[in-house]
There are 2 protein chains.
Amino acid sequence: MDFSLLLEHVFKHITLTQEEQSYFVSLLNVRKIKKKQYLDQEGDISKGPAFVTRGIMRSYSLDKNGFEHVIQFAPPGWWIGDMYSIVKQKPGRLYVDAIEDSEIVWLWKSDLDRLYSDIPKFERFFRILGENAIVAFENRLISTLSLPAIERYAQFCRLYPSLTESLPQKQVASYIGVTPEFLSKMLNSPAPK
Amino acid sequence: MDFSLLLEHVFKHITLTQEEQSYFVSLLNVRKIKKKQYLDQEGDISKGPAFVTRGIMRSYSLDKNGFEHVIQFAPPGWWIGDMYSIVKQKPGRLYVDAIEDSEIVWLWKSDLDRLYSDIPKFERFFRILGENAIVAFENRLISTLSLPAIERYAQFCRLYPSLTESLPQKQVASYIGVTPEFLSKMLNSPAPK
DNA sequence: TTATGCTGTTAATCTACATTAAGTTTTCTA
DNA sequence: TAGAAAACTTAATGTAGATTAACAGCATAA
């Protein structure tokens with residue numbers, strides 16, 4: 001198995017001895033997920049956090065009218081999951097599935113807790129990761145509350161430059177919070193972009 | 001100074017020796033903030049995270065039309081701040097002010113970094129705090145994207161039961177993302193609540 | 001005491017975006 | 001490689017919530 005993408009990511013924030021690295025790697029699990037397959041469905045208890053190494057994953061909620069609302073996209077190098085369910089180990093509110101054939105590396109929540117105790121440096125690693133996630137959510141919320149659709153689209157393009165073209169438009173529409181019809185009109189009408 | 005509320009909060013997640021506790025307390029600063037006074041304004045670099053011990057604080061963004069959008073309320077026992085600015089030590093996008101005469105306990109970002117090195121248990125403490133913040137943001141985002149105004153109001157009442165009555169309605173409107181006029185209509189019209 | 005200014009209410013009008021529906025193109029997949 | 005299923009477009013119509021405006025109740029304050 002090739003864990004290099006994840007290890008590089010870890011080494012950006014902490015350093016590990018050879019033994020620590022081996023121990024960490026021994027806790028990792030790999031899973032391939034085909035397009036449209038689910039990692040988690042609403043009501044599932046998440047096994048633990050997942051790191052994307054190939055493909056594109058996404059998490060979304062489903063409202064009472066059956067409409068999807070994308071919470072996050074995760075290309076390679078990003079983490080994905082229903083944080084509520086991961087942290088509290090209770091049934092979650094999100095669906096997590098693959099938009100393209102994907103591969104993830106994941107840890108059991110129980111192994112993660114063990115890792116925190118055995119190698120406290122991982123407390124630091126995930127503390128930093130958490131900070132970044134909070135900053136991202138704070139930004140998303142500011143945009144969602146205070147920008148019109150066209151500027152939320154621009155924000156999306158800035159956040160996920162690699163996805164802007166590879167993703168079906170309806171996924172983008174769901175992320176920025178408009179219907180596919182409206183996004184289509186917006187992009188084709190006044191100032192073609 | 002009375003740090004008991006903050007210390008209790010810390011002890012819920014980690015234990016400290018007497019020395020560690022003294023060292024931690026030596027890094028704390030106290031500040032009283034009168035109603036309508038700012039802790040931070042847009043463009044400021046935040047000094048560090050703040051824990052509310054009295055009153056009610058709030059953070060909000062200002063859109064280009066001059067409308068406020070409340071990101072968070074913080075009654076006693078809650079943390080508040082512009083996470084982007086705190087973490088990156090760059091100019092922030094949020095205003096933080098007091099809705100009622102308040103008192104906060106805060107740390108310099110540089111002291112916090114020192115604390116992480118000197119007492120690694122605080123990595124764990126803030127890792128857990130971060131997880132909770134992410135869960136809260138995830139929930140807020142799900143509501144904002146997938147619920148109509150009346151249910152976002154219900155969510156607000158569940159999240160901040162202590163504030164539902166003490167807060168001016170226009171603050172609540174700004175939090176749930178509608179105009180004060182619309183909230184007033186919603187609460188007084190069909191099914192008075 | 002009267003001003004001054006917040007806060008909340010009501011109601012008419014307006015608009016960004018949703019819904020519905022039909023047609024076209026692209027892409028899967030058998 | 002056909003034929004079904006997605007993905008995208010266009011346009012008519014509908015609506016949740018915004019805007020504007022006028023007024024009433026209460027504060028704080030001179």
Side-chain angles (χ1 to χ4, degrees), chain A residues 33-37 55-56 58 60-70 73 97-102 143-156 163-193, chain B residues 34-37 56 58 60-70 73 97-101 143-157 163-193:
Chain A
I33 303 181
K34 289 224 169 268
K35 188 168 175 170
K36 290 186 190 174
Q37 267 192 359
I56 306 172
R58 128 244 220 210
Y60 65 93
S61 72
L62 212 56
D63 68 27
K64 64 171 59 151
N65 302 122
F67 291 105
E68 298 175 358
H69 301 273
V70 173
F73 294 114
D97 70 0
I99 292 184
E100 301 293 344
D101 290 359
S102 301
S143 301
T144 304
L145 292 175
S146 57
L147 298 180
I150 187 77
E151 288 174 47
R152 296 202 302 275
Y153 178 77
Q155 277 269 110
F156 164 83
L163 299 187
T164 304
E165 290 174 27
S166 69
L167 224 52
Q169 250 181 51
K170 63 177 295 199
Q171 296 298 339
V172 179
S174 169
Y175 180 91
I176 67 174
V178 297
T179 57
E181 291 84 355
F182 187 74
L183 178 56
S184 170
K185 188 200 211 170
M186 204 165 70
L187 295 179
N188 296 340
S189 307
K193 221 174 170 198
Chain B
K34 288 224 169 269
K35 189 170 175 169
K36 291 185 189 176
Q37 267 191 0
I56 306 172
R58 127 244 219 211
Y60 66 92
S61 71
L62 212 55
D63 69 26
K64 64 171 61 151
N65 301 121
F67 290 105
E68 298 174 0
H69 301 273
V70 172
F73 294 114
D97 71 359
I99 292 184
E100 300 293 343
D101 290 0
S143 302
T144 303
L145 292 175
S146 57
L147 298 180
I150 187 78
E151 288 174 48
R152 296 203 302 275
Y153 178 76
Q155 277 269 110
F156 165 83
C157 295
L163 298 187
T164 305
E165 291 175 27
S166 70
L167 224 53
Q169 251 181 50
K170 63 177 296 199
Q171 297 296 339
V172 178
S174 168
Y175 180 90
I176 67 175
V178 298
T179 56
E181 291 84 355
F182 186 73
L183 178 57
S184 170
K185 187 195 197 174
M186 203 167 70
L187 294 180
N188 296 341
S189 310
K193 214 154 176 213

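Protein chains get the first letters and strands the later ones, always in sequence-line order, with residue 1 at the start of each. Quick caveat, the model's predicted, so the values are computed rather than measured.
Between A:L183 atom CG and D:dT9 atom P the separation is 8 Å, expressed in whole Å. Here C:dG8 presents its C1' atom at 14 Å from CE of B:M186, a figure rounded to the nearest Å. When rounded to the nearest whole Å, the span between CZ of A:R152 and P of C:dA16 equals 13 Å. Atoms CD1 (A:I99) and P (C:dC28) sit 13 Å apart, rounded to a whole Å. Atom CD in B:E181 sits roughly 16 Å away from atom P in D:dC23 (whole-Å rounding). Rounded to whole angstrom, the span from the CG atom of B:L147 across to the P atom of D:dG17 amounts to 11 Å. With rounding to whole Å, B:D63 atom CG is found 15 Å from C:dA16 atom C1'. In this structure, A:I176 atom CD1 and C:dA16 atom C1' are separated by 13 Å, rounded to whole Å.
In this structure, the nucleotide among C:dC17, D:dC8, C:dG8 sitting nearest to the side chain of A:P148 is C:dC17. Picking from D:dC8, C:dC17, D:dA18 the nucleotide with the shortest atom distance to the side chain of B:K185 gives D:dA18. Comparing C:dG8, D:dA7, D:dT10 by their nearest atom to the side chain of B:P168 picks out C:dG8. In the set D:dG17, C:dC17, C:dT9, the nucleotide with an atom closest to the side chain of A:F182 is C:dC17. Out of D:dA6, C:dA21, D:dG17, the shortest distance to the side chain of A:K36 is found at D:dA6. Distance from the side chain of B:Q169 is smallest for C:dG8 among the nucleotides C:dT19, D:dG17, C:dG8. The B:K170 side chain lies nearest to C:dT7 when the options are C:dT7, C:dA18, D:dA21.
For A:M186 against A:I176, the heavy-atom pair with the smallest separation is CE-CD1, 4.3 Å. The two residues A:I56 and A:S166 make their nearest non-hydrogen contact at CD1-OG, 4.1 Å. Residues B:S146 and A:D63 share a closest heavy-atom pair of O-CB, 3.6 Å. Here the closest heavy-atom approach between residue B:R152 and residue B:G177 is recorded as NH2-O, 3.8 Å.
Residues A:Q171 and B:T179 each lie close to DNA chain D; by heavy-atom proximity, the contact nearer the 5' end of the strand is made by A:Q171.
Looking at A:S174 and A:E68, their side chains never bring a donor and an acceptor atom within 3.5 Å of each other.
Between B:N188 and C:dG8, a side-chain N or O to OP1/OP2 separation shorter than 4.0 Å is absent.
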